[in-house]
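Before any comments, here is the structure.
Below, read A as the first sequence line, B as the second, and so on, with proteins coming before strands; counting in each chain starts at 1. None of these values were measured; they are calculated from a predicted model.
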Amino acid sequence: MKIATWNVNSLKVRMPHLLDWLGSAAPDVIALQETKTEDAAFPRAPIEAAGWHVAFSGQKTYNGVALLSRRPGSHVQAGMPGFADEQKRVIAASYGDVRVIGAYVPNGQAVGSDKYEYKLRWLEAFTAYLRSELERWPRLVVVGDYNIAPEDRDVHDPKAWEGSVLVSPAERAAFRGLLGLGLHDAMRLFAQPDGTYTWWDYRAAGFRRNLGLRIDHILASAALAAECQACTVDVAPRKLERPSDHAPVWAEFTPAPALP
DNA sequence: ATGGCGCGCGCAGCGCGA
């Protein structure tokens with residue numbers, strides 16, 4: 001089972017890139033972030049015409065998440081129960097016994113800002129939510145734009161970024177808290193080249209110079225981490241005309257064959 | 001990298017992203 005995540009930075013604008021990538025990469029499930037589309041205007045037709053089932057939770061202009069899958073999901077849930085939030089940032093569905101949660105973690109804008117405080121509160125609620133989801137769904141994958149670069153090796157210039165939003169100690173502690181639930185960073189299950197990132201600033205030729213951050217992640221519960229065969233960033237779509245500033249990330253999970 | 005771009009909204013220029 002191939003599970004992917006991609007912050008598309010506007011689903012409407014990125015539709016051609018998305019459909020191309022779905023065709024070539026052929027994931028079973030992909031989580032999208034920053035669809036920036038209210039539900040009534042969600043462009044289901046071209047997606048369904050390409051053979052995908054969809055679940056989505058969006059709003060005008062900002063945020064918005066979706067799950068696209070080859071087979072229909074069950075137990076679809078938007079948002080986190082018990083955390084009232086106008087901002088559409090979470091959607092979950094199950095595919096067989098595999099639970100997939102797609103998340104768009106708040107950016108936080110600047111350390112100490114109201115948006116940063118909201119980010120930390122949000123991450124606290126997310127941690128509690130994942131704890132309860134793990135109890136119900138031991139085969140859990142949590143994917144999305146976490147807006148956190150977990151370690152210095154996930155940052156092109158750790159000195160320049162030190163202490164700023166996306167790398168601040170409190171954000172990194174929150175990320176470690178997610179790992180502490182028993183989730184595993186799928187990318188780190190395999191050796192990766194130095195300078196493996198998932199986001200590059202549009203400005204200053206950030207991508208060409210590989211001035212990036214690794215902030216999009218696939219976290220897998222122990223049961224699924226044991227079945228993870230690969231995890232990769234596909235930078236190809238970032239090279240296209242009018243790209244998203246994020247690249248898709250995917251992981252392949254294959255259960256061990258049953259003993260004879 | 002002080003910013004530089006790209007998005008939505010809406011028709012000018014601003015808020016936001018990371």
Using a 4.0 Å heavy-atom cut-off, does A:Tyr104 contact any base of the nucleic acid, only the sugar-phosphate backbone, or nothing at all? sugar-phosphate
Whole angstroms only, please: what is the CZ-P distance between A:Phe175 and B:dA18? 16 Å
Nucleotide nearest A:Arg242 (side chain, heavy atoms from C-beta), chosen from B:dC5, B:dC7, B:dC9: B:dC7
Can you check the distance between B:dT2 and B:dA12, where both ends of the measurement are the P atom (answer in whole Å)? 34 Å
Just to confirm, is there a sub-4.0 Å distance from OP1 or OP2 of B:dG4 to any side-chain nitrogen or oxygen of A:Arg203? yes
Please lay out, stage by stage, how A:Lys60 and A:Asp39 fare under the test salt bridge (Lys or Arg N to Asp or Glu O under 4.0 Å). CA-CA 9 Å; A:Lys60 206 177 224 190; A:Asp39 290 351; over 6 Å; no
So what does A:Asn7 touch, heavy atoms closer than 4.0 Å: a base, only the sugar-phosphate, or nothing? sugar-phosphate
Whole angstrom is fine here: how far is it from CD1 in A:Ile148 over to C1' in B:dA18? 13 Å
Quickly work out the A:Glu162 CD to B:dA18 C1' distance and round it to whole Å. 18 Å
Taking the side chain of A:Tyr202 as its heavy atoms from C-beta onward, which of B:dG6, B:dC16, B:dC7 lies nearest to it? B:dG6
Answer whether the closest heavy-atom distance between the side chains of A:Lys36 and A:Tyr62 falls below 4.5 Å. no
Just how far, in rounded Å, is P of B:dC16 from OH of A:Tyr62? 5 Å
A:Trp137/A:His75 under side chain to side chain donor-acceptor pair (under 3.5 Å): CA gap, chis, key distance, verdict: CA-CA 11 Å; A:Trp137 303 94; A:His75 303 84; over 6 Å; no
Return the pairing partner of B:dG8 with a 3.5 Å limit on both distances, Watson-Crick or G-U wobble; otherwise return none. B:dC14
Closest to the A:Arg14 side chain: B:dC7, B:dG17, B:dC9? B:dC7
Is the charged tip of A:Arg214 near the ring of A:Trp199: under 6.0 Å from the six-membered ring centre and within 45° of its axis? no
Measure from the side chain of A:Glu34, starting at C-beta and using heavy atoms only, and say which of B:dC16, B:dA1, B:dG17 lies closest. B:dG17
note: A:Glu86, atom CD; B:dC16, atom C1'; distance rounded to Å ~ 18 Å
Distance, rounded to the nearest Å, where A:Trp200 contributes CH2 and B:dG4 contributes P: 21 Å
Presence of A:His246 side-chain N/O under 4.0 Å of B:dG17 phosphate oxygens OP1/OP2: no
Between B:dG8 atom C1' and A:Leu11 atom CG, what is the distance in whole Å? 14 Å
Quick check on DNA chain B: between A:Pro243 and A:Ile215, whose nearest nucleotide comes earlier from the 5' end? A:Pro243
Choose from B:dA18, B:dC16, B:dG8 the nucleotide whose nearest atom is closest to any side-chain atom of A:Lys36. B:dG8
Write down the distance between CG (A:Asp201) and C1' (B:dC16), rounded to a whole number of angstrom. 13 Å
When you check the phosphate oxygens OP1 and OP2 of B:dC7, does a side-chain N or O of A:Asn9 lie under 4.0 Å from one of them? no
Which residue lies more 5' along DNA chain B, comparing A:Ala110 with A:Ser10 via nearest heavy atoms: A:Ser10
Reckon A:Val13 touches a base, only the sugar-phosphate, or nothing at all at heavy-atom distances under 4.0 Å? sugar-phosphate
What's the closest nucleotide to the A:Asn147 side chain, out of B:dC7, B:dA18, B:dC9? B:dA18
How is A:His156 classified with respect to the nucleic acid when contacts are heavy atoms under 4.0 Å: base, sugar-phosphate, or nothing? nothing
Spacing of the C1' atoms in B:dG10 and B:dG15 (rounded, Å): 14 Å
Full working for salt bridge (Lys or Arg N to Asp or Glu O under 4.0 Å) between A:Asp154 and A:Arg188: CA-CA 11 Å; A:Asp154 301 313; A:Arg188 293 300 177 211; 2.5 Å; yes
Take the angle between the ring planes of A:Trp200 and A:Tyr197 and call it parallel below 30°, perpendicular above 60°, tilted in between. perpendicular
When we call it a touch if two heavy atoms are under 4.0 Å apart, what does A:Lys115 touch: a base, just sugar-phosphate, or nothing? sugar-phosphate
Of the nucleotides B:dG6, B:dG8, B:dA18, which one has an atom closest to the side chain of A:Asp145? B:dA18
Can you pull out every salt bridge (Lys or Arg N to Asp or Glu O under 4.0 Å) where at least one residue sits in residues 5-30 of chain A? Sequence neighbours excluded, please. none
Between B:dA1 and B:dC14, how far apart are the C1' atoms? Round to whole Å, please. 22 Å
